[in-house]
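Before any comments, here is the structure.
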Amino acid sequence: MSHNYATPMTPEKRLARVLLRIPADWSIRVERCGADGDTMSWRAAVAPQRGAQESEWCTGYPTMVDALEAAWRHARQQQ
């Protein structure tokens, strides 16, 4: 019988992994947005602090970590 030693990726572990990937000198902004009805959404913006580059918001994600990860991917492509 084989053994699987991998542990599942919990939301806390996933958030820690995303935060570790973002350089320490970059700015991070996260907001929770109210929506119609019972649904809430998250938006995030990540950008280097050097220069006057304004970060763009990535919107419409059901969880904070999804929004943060999308903003990180978008910011990396802009570099």
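Worth knowing before you read on, the calculation uses all heavy atoms, side chains too, and leaves out hydrogens, waters and symmetry mates.
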Heavy-atom neighbours of Arg32 CZ exceed 12 at 6.0 Å: no

Same apolar cluster: Trp57 and Tyr61, side chain cutoff 4.5 Å: no

Minimum heavy-atom distance between Ala71 and Ala44, given as atom pair plus value: CB-O, 3.5 Å

Interatomic spacing from CG in Asp66 to CZ in Arg14 - rounded to 0.5 Å: 4.5 Å

Closest heavy-atom pair and its distance - Ala67, Trp42: CB-O, 3.7 Å

Distance in Å, Arg17 CZ paired with Met9 CE, rounded so as to fall on 0.5 Å steps: 4.5 Å

Which atom of His74 lies closest to which atom of Cys58, heavy atoms considered: CB-SG, 4.0 Å

Residue that, paired with Val18, satisfies side-chain contact (heavy atoms from CB on, under 4.5 Å) out of Glu69, Lys13, Met64: Glu69

